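Here's the structure we're looking at; comments come further down.
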Amino acid sequence: MVQPIAALCSPLSSLPRNARFCTFACSHRQSRRLAGASRASKTTWKHSMLPVLKEETLSVDGKDVLTDVPENVVVTPLTNSSAFVGATSNVEGSRHVFTLGVIQGIRLLCLFRFKMWWMIPRVGVSGSDIPIETQMLLLEVREESISSDEPSYILFLPVLDGKFRSSLQGNLADELELCIESGDPAIVTSQSRKAVFVNYGENPFDLMKESMKFLEKEMGTFAVRERKQMPAILDWFGWCTWDAFYQEVNPKGIRQGLKRYVYVWHALMGYWGGLLPGAEAMKKYNPVLKYPIQSPGNLANMRDLSLDAMENYGVGVIDPATISQFYDDLHSYLVSQGVDGVKVDVQNILETIATDLGGRVSLSRQFQEALEKSIAANFQDNSIICCMGHGTDSIYHCQRSAITRASDDYYPKNPATQTLHIAAVAYNSIFLGEVVVPDWDMFYSLHDAAEFHAVARAVGGCPVYVSDKPGNHDFEILKKLVLPDGSVLRAKYPGRPSRDCLFIDPVMDGKSLLKIWNMNNCTGVLGIFNCQGAGSWPCTDKKVIEDAAPEISASVSPSDVEYLEEVTGDSWTRDCAIFSFKTGSVRRLSVEESMNVTLKVLECDILTISPIKVHNQKVQFAPIGLIDMYNSGGAIRAVDICSKSSDSGIHIKGRGPGTFGAYSSTRPRSCAVNSEEREFEFREDKLLKIRIPARTSSWDIVISY
């Protein structure tokens with residue numbers, strides 16, 4: 001992204017418990033085998049999940065979630081597993097805080113805004129652990145009376161209800177509270193019956209996906225990620241001028257870094273301080289100086305220097321009636337100068353200036369619609385990256401925008417934030433990743449934590465760009481991320497924590513590693529990170545464990561990768577080849593088995609997990625990909641069997657030069673790349689290696705046995 005030289009101024013009954021035991025006791029792997037069960041039994045089971053409010057207790061699938069629920073709390077059933085939860089009051093107001101009930105003794109994960117712009121995660125076991133401004137709450141449900149060790153999950157999503165925005169918070173009495181607010185004293189209500197969406201499921205990632213799809217249809221204000229046009233910039237290496245130059249951005253430096261797509265930065269209101277009221281060129285947009293007013297929820301957490309400045313000096317707020325014209329004028333000008341897209345920052349500012357402008361929800365909708373309309377009209381590729389917009393006002397109005405920054409900034413000069421950055425993006429992606437492609441931000445390739453960040457981008461399914469000063473690069477790092485043609489081996493989905501990492505603290509508990517999973521066309525990929533002992537989460541009294549173990553171990557299994565069944569097929573042996581980038585070794589594990597990985601602080605590894613399949617009833621084979629790349633499996637496009645009477649072979653299509661690797665139970669007779677026979681290496685650990693010539697953009701490998 002190029003920093004601009006700105007011309008702008010600075011209740012229903014449920015079935016008895018014993019009717020649910022048989023199905024609930026099945027593991028998630030076993031439940032997949034039950035997919036062919038009768039529709040009648042499946043419907044009965046799902047009916048029993050319905051959230052029920054009875055005798056001051058909110059229960060989901062028979063599990064008591066909230067106790068001591070006040071009389072003014074209302075539950076509106078929706079699907080067989082979901083409901084809206086809200087509350088009513090005897091008085092009207094622009095902001096209400098309602099008690100929903102007591103929550104205790106259950107593992108939970110929160111995503112909350114620690115600054116007005118950004119979310120981070122927090123884990124806990126009771127209501128007092130839930131921070132103010134929580135925008136996603138996930139609970140782990142374990143039935144003590146059932147022998148299965150497979151938990152289920154309950155999701156709370158505070159949403160937008162009319163002109164009011166909702167959030168969750170806890171208090172010292174372990175009560176879960178609901179906050180609703182309009183952002184305008186003139187916009188008042190005495191109730192919000194659809195403030196929180198509650199849903200239940202056995203797979204946390206399916207639960208999140210299904211919930212957001214339901215809300216997409218129910219609310220009609222946003223679209224889920226998989227229905228959006230993906231900008232081409234996602235698949236190409238990029239360079240950002242911000243950390244490269246900071247305020248000393250200059251044309252010569254920019255020219256040194258530019259090769260491909262050019263995106264220019266601007267704030268939602270034009271610049272940080274908006275437009276200058278009284279400036280002749282700005283009169284057509286009727287800017288008015290307003291002083292931001294933060295909600296009590298934001299003020300309870302961490303202040304931000306940029307917002308402090310805006311509170312002191314004001315923001316030149318564009319007249320909402322002219323915002324469409326402003327965006328069109330700005331973007332059409334940028335296009336005329338050869339710019340391909342924009343990064344739009346400071347998006348949450350709207351919630352602080354909504355007084356007398358219709359309230360925060362309505363104002364956000366108006367600005368977001370105008371912005372996305374202008375992007376569609378002026379740029380050809382949905383070319384926008386959104387930033388500083390982690391408030392649900394923005395998230396639930398994201399109809400077209402497909403990329404959003406998923407964390408606070410990358411701070412290369414602050415060693416304590418390197419681990420926080422990786423963990424924050426991974427956990428935030430559980431929520432954000434259903435609406436957009438999470439952007440992991442820029443990083444330095446020449447830096448003590450460069451590989452830590454590079455591996456995170458390789459597993460993140462995100463755009464990859466650095467902010468190196470011209471000439472200050474580590475090409476050994478970059479060439480493991482980027483192919484010679486400038487493309488990147490991007491994984492399919494947003495990278496998210498593995499299931500066994502959802503309710504632990506991989507930054508401050510002193511004992512856990514962070515595992516981030518993703519999928520490619522033919523393989524799974526798993527990043528493992530030691531984020532301990534380097535930094536402390538903001539907004540907590542806890543401190544980092546300074547005497548944390550010098551090395552930490554974690555159990556790793558093929559089952560850590562969700563949706564691996566997408567690439568297994570009928571010929572799968574139920575074993576996987578596990579290739580470690582760090583050691584260059586391959587190991588065979590069944591899907592039920594695990595192995596230990598040990599890492600020091602700020603160390604990482606990335607594993608390619610490839611299902612081993614039987615080909616022609618004699619060869620057991622698993623492609624790994626370009627083993628010199630962090631996400632080796634991202635190079636593989638397809639794997640097929642080719643047979644000729646008594647002869648048989650395996651056909652692999654992919655892209656990029658380097659060393660292709662695969663697990664093979666048998667030594668091949670010959671290997672060919674693009675119809676030309678090539679020498680190969682076959683190791684004792686069954687790793688087959690074939691060299692792909694330099695300057696080979698795509699390849700077709702045939703391995704004959």
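Along the sequence shown, the residues carry numbers beginning at 1. Just so it is clear, the model here is predicted, and its values are computed rather than measured.
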Donor-acceptor pair between Asn428 and Trp118 side chains, under 3.5 angstrom: no
Arg499 vs Asp560, salt bridge (charged side-chain N to carboxylate O under 4.0 Å, His left out): CA-CA, chis, key distance, verdict: CA-CA 7 Å; Arg499 210 178 291 203; Asp560 287 330; over 6 Å; no
Is the shortest side-chain N to carboxylate O distance from Glu150 to Arg142 below 4.0 Å? no
Approximate separation, where rounding is to 0.5 Å, of Tyr663 OH and Ile624 CD1: 10.0 Å
Neighbour count >12 (heavy atoms, 6.0 Å) for atom NZ, Lys492: yes
Within 45° cone and under 6.0 Å: Lys213 NZ/CZ vs Phe222 ring: no
Are Phe579 and Ile627 side-chain neighbours, meaning at least one heavy-atom pair lies under 4.5 Å? yes
Hey, could you give me the CD1/CZ distance between Ile516 and Arg496, rounded to the nearest 0.5 Å? 11.5 Å
Output yes when a side-chain donor or acceptor of Glu140 lies under 3.5 Å from a complementary backbone atom of Leu502, and no otherwise. no
Would you compute the distance between atom CG of Leu137 and atom CG of Leu176 and round it to the nearest 0.5 angstrom? 6.5 Å
Would you call Arg122 and Asp129 a salt bridge, using N to O less than 4.0 angstrom? no
Side chains of Thr598 and Ser553: donor-acceptor distance under 3.5 Å anywhere? yes
When you compare the side chains of Thr392 and Arg165, does any donor N or O come within less than 3.5 Å of an acceptor on the partner? yes
Take a 6.0 Å sphere around NZ of Lys194 and say whether it holds more than 12 heavy atoms from other residues, nucleotides or ligands. no
Given the side-chain rings of Trp517 and Tyr563, with only the six-membered ring counted for Trp, is the space between their centroids under 6.0 Å? yes
Would you check if Val73 and Phe98 make a side-chain contact, meaning some heavy-atom pair closer than 4.5 Å? no
Closer than 4.0 angstrom, basic N to acidic O: yes or no for Lys228 and Glu226? no
Do Ser126 and Asp174 meet the criterion of a side-chain donor-acceptor pair at a distance under 3.5 Å? yes
From the list Glu133, Glu177, Glu175, side-chain hydrogen bond (donor to acceptor under 3.5 Å, both in side chains) partner of Gln169 resolves to Glu177
One should read off an interatomic distance between Cys576 SG and Leu589 CG, to the nearest 0.5 angstrom, of 8.0 Å
At what distance, to the nearest 0.5 angstrom, does SG of Cys179 lie from CD1 of Ile132? 8.5 Å
Got a second to check how far Thr134's OG1 is from Leu138's CG, nearest 0.5 Å? 12.5 Å
Cationic N near anionic O, under 4.0 Å, Asp441 to Arg405: yes
Are Phe197 and Phe156, when compared by the centres of their aromatic rings, separated by less than 6.0 Å? no
Has the side chain of Lys543 got a donor or acceptor atom that lies under 3.5 Å from a matching backbone atom of Met508? no
